[in-house]
Amino acid sequence: MSAALLDGTAVAQAIRDELREEAAALTAQGRRPGLGVLLVGDDPASAVYVRNKTRACDELGLRHETVKLPATATTAEVVSRVRAFNGRADIHGILVQLPLPKQVDAELVLGLVDPGKDVDGFHAESVGRLVQKRPGFVACTPAGVMELLRRSALPVAGRRAVVLGRSDIVGKPMALLLLHADATVTIAHSRTRDLESVTREADVLVVAIGRPGFVRTGHVKPGAVVIDVGMNRIEDPALAEDLLDETRLAAFRKKGSALVGDVDFKRVREIASAITPVPGGVGPLTIALLMKNTVASAARR
Ligand code: NAP
């Protein structure tokens, strides 16, 4: 058996098509959705993420404004930019691109984002609302996974879900969303004993650990739905040889690197019932959900 491929790019496109119409309707009412982005320092990966997000805004007709601060910026400087976005009526969503430079107090900065504009869902008020199952902004990656499951007609109610990874931005909110969708949820992490026997219980296994190809067939119950949140750039030829199929290996040899998930996709797809590829699985949904949160924020005002 070979698993059904869950096409995140197609699902993200469907979400964007819906949002384009919604954004146009809001714009016609004089409420064009707007995203304010704060980019501090010169981390190349962060610059790419920000570019992808502002491109998505352009594609959907959202206003966006990026404030760039140098790597030497102080907490006070970052805070004053957040406050400026908080006070703007034409900015409905605020995104502070992480990571912030070491000297900046990230906790303080994120805590000052207006919870009504917290489209990343990282503010303690947003997290609290999620815990209590009240309406609020939900972190984009786990929200994207739920959309992918829903739109792929993969129900989770009553099923055993295991979330591997317990970060604030993926694992924990993911577990809460699955719980609210009536799954029976286990959270596993680096201190979990006999991990394989825990993950093998999962009807739905969501993996977010940042370890290339870590989840092997031994971790997976045959017929499980496997969602791979991991995004890892690999450069080691031996690892590439192990994890990639012939086509991707040829591309790796030319380029010297490849993007892989946390799951041994090549082998696990042979036993799972459905699986997300990397790239083209969960990744595209994160930005689509950021857009969705921004449009929803504008609609609420
Ligand atoms: P993180 O903050 O580094 O958290 C990793 C989690 O995995 C931790 O809870 C850690 O356990 C657990 N873990 C690490 N090694 C493990 C092991 N060998 N066995 C069991 N658990 C292990 O990572 P994150 O921010 O959640 O990101 C995870 C992955 O998702 C990364 O590859 C990241 O690039 C990717 N990601 C993708 C998107 C997207 O848009 N697709 C968005 C966000 C993140 P402990 O808590 O015990 O240390």
Side-chain angles (χ1 to χ4, degrees), residues 6-9 11-12 15-16 43-46 48-53 55-56 95-100 106-107 110 119-122 127 130 137-149 162-178 185-202 205-216 218-220 226-236 239 243 257-265 268 275-293:
L6 300 175
D7 184 348
T9 308
V11 171
I15 296 170
R16 286 184 189 211
D43 174 32
S46 292
V48 172
Y49 294 144
V50 165
R51 200 180 326 125
N52 290 340
K53 290 166 188 173
R55 261 196 210 142
L95 179 113
V96 180
Q97 184 62 47
L98 300 177
L100 289 168
E107 205 178 311
L110 294 180
V119 286
D120 255 340
F122 295 163
V127 177
L130 173 61
F137 292 111
V138 178
C140 300
T141 300
V145 171
M146 296 309 288
E147 283 283 339
L148 182 63
L149 289 168
V162 175
V163 179
L164 181 52
R166 56 174 163 180
S167 69
D168 288 342
I169 62 168
V170 187
K172 282 184 210 166
M174 186 75 251
L176 286 162
L177 288 171
L178 288 163
V185 183
T186 302
I187 306 175
H189 45 78
S190 70
R191 305 290 296 274
T192 298
R193 268 192 218 156
D194 193 7
L195 184 65
E196 286 200 5
S197 76
V198 174
T199 54
R200 264 204 312 271
E201 299 243 303
L205 176 61
V206 183
V207 187
I209 55 175
R211 302 271 181 272
F214 177 89
V215 168
R216 302 274 172 173
H219 291 91
V220 179
V226 179
I227 306 291
D228 188 353
V229 180
M231 288 209 295
N232 313 289
R233 185 155 298 284
I234 57 165
E235 291 174 354
D236 173 8
L239 191 57
L243 293 178
S257 71
L259 188 68
V260 300
D262 292 339
V263 175
D264 176 8
F265 176 81
V268 170
I275 189 168
T276 55
V278 177
V282 174
L285 287 160
T286 299
I287 293 185
L289 268 287
L290 175 71
M291 298 296 113
K292 190 171 171 148
N293 282 350

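Numbering of ligands and ligand atoms starts at 1, following listing order. For this chain, numbers begin at 1 and follow the sequence in order. Given the structure is predicted, the values throughout are model-derived calculations rather than measurements.
With a heavy-atom cut-off of 4.0 Å, Ile169 touches ligand 1 through its side chain alone. Heavy atoms of Ile209 found under 4.0 angstrom from ligand 1 belong to the backbone as well as the side chain. Of all the heavy atoms of Leu285, none lies under 4.0 Å from any atom of ligand 1, so neither backbone nor side chain is involved. With a 4.0 Å heavy-atom cut-off, ligand 1 is reached by no atom of Thr192.
Contact between Leu205 and His219 at its shortest, heavy atoms only, is CD2-O, 4.2 Å. Between Val162 and Ala202, the shortest heavy-atom distance links the atoms CG2-CB, 3.6 Å.
Ligand 1 places these atoms under 4.0 Å from at least one heavy atom of Val170: 26 (O), 43 (C), 44 (C). Atoms of ligand 1 lying under 4.0 Å from at least one heavy atom of Thr286, given by number and element, are 39 (C), 40 (O). Counting the atoms of ligand 1 from 1 in the order shown, those under 4.0 Å from a heavy atom of Gly210 are 28 (C), 29 (C), 31 (C), 32 (O). Shown in contact with Asn232 at under 4.0 Å from a heavy atom are these atoms of ligand 1, numbered in order with element: 32 (O). Atoms of ligand 1 found under 4.0 Å from any heavy atom of Gly283, numbered from 1 in the order shown, are 41 (N).
Put simply, part of Ala208 is less than 4.0 Å from ligand 1, judged by heavy atoms.
The closest non-hydrogen atom to atom 34 (O) of ligand 1, taken over Met231, His189, Arg233, comes from Met231. Heavy-atom proximity to atom 36 (N) of ligand 1, evaluated over Leu195, Val229, Leu98, is greatest for Val229. Remark: among candidates Gly165, Pro142, Gly171, Ser167, the nearest residue to atom 1 (P) of ligand 1 is Ser167, based on non-hydrogen atoms.
Side-chain contact between Pro99 and Asp43: present, with at least one pair of heavy atoms (C-beta onward) separated by less than 4.5 Å.
Scanning the protein for heavy atoms near atom 18 (N) of ligand 1, the closest one is Phe214 CE1, 3.3 Å. For atom 15 (N) of ligand 1, the closest non-hydrogen atom on the protein side is Arg211 NE, 3.2 Å. Summary of contacts: the protein heavy atom closest to atom 45 (P) of ligand 1 is Ser190 OG, 3.4 Å. Looking at atom 8 (C) of ligand 1, its nearest protein heavy atom turns out to be Arg166 N, 4.0 Å. Among all protein heavy atoms, the one lying closest to atom 42 (C) of ligand 1 is Thr141 OG1, 3.2 Å.
In this structure a side-chain-to-backbone donor-acceptor pair under 3.5 Å is present from Ser167 to Val170. At distances below 3.5 Å, not a single donor-acceptor pair connects side-chain atoms of Asp264 with backbone N or O atoms of Val215. Judged by distance alone, with hydrogens and angles left aside, the side-chain atoms of Asp120 form no donor-acceptor pair with the main-chain N or O of Phe122 at under 3.5 Å.
Residue Ile227 is tested with Val163, Val263, Leu6 for a side-chain contact (heavy atoms from CB on, under 4.5 Å); the sole match is Leu6.
When the salt bridge (Lys or Arg N to Asp or Glu O under 4.0 Å) test is applied to Glu196, the partners found at least two apart in sequence or on another chain are Arg200.
Within 4.0 Å of atom 25 (O) of ligand 1, at least one protein heavy atom is present. Within the 4.0 angstrom cut-off, atom 3 (O) of ligand 1 has no protein heavy-atom neighbours.
The CG atom of Leu285 lies 8.0 Å from the OG1 atom of Thr9; values are rounded to the nearest 0.5 Å. Atom CZ in Arg16 sits 6.5 Å away from atom CD1 in Ile287 (nearest 0.5 Å). Rounded to the nearest 0.5 angstrom, Leu164 CG and Leu195 CG are separated by 5.5 Å.
The pair Asp262-Arg211 fails the salt-bridge criterion, with no side-chain N (NZ, NE, NH1 or NH2) lying under 4.0 Å from an Asp/Glu carboxylate O.
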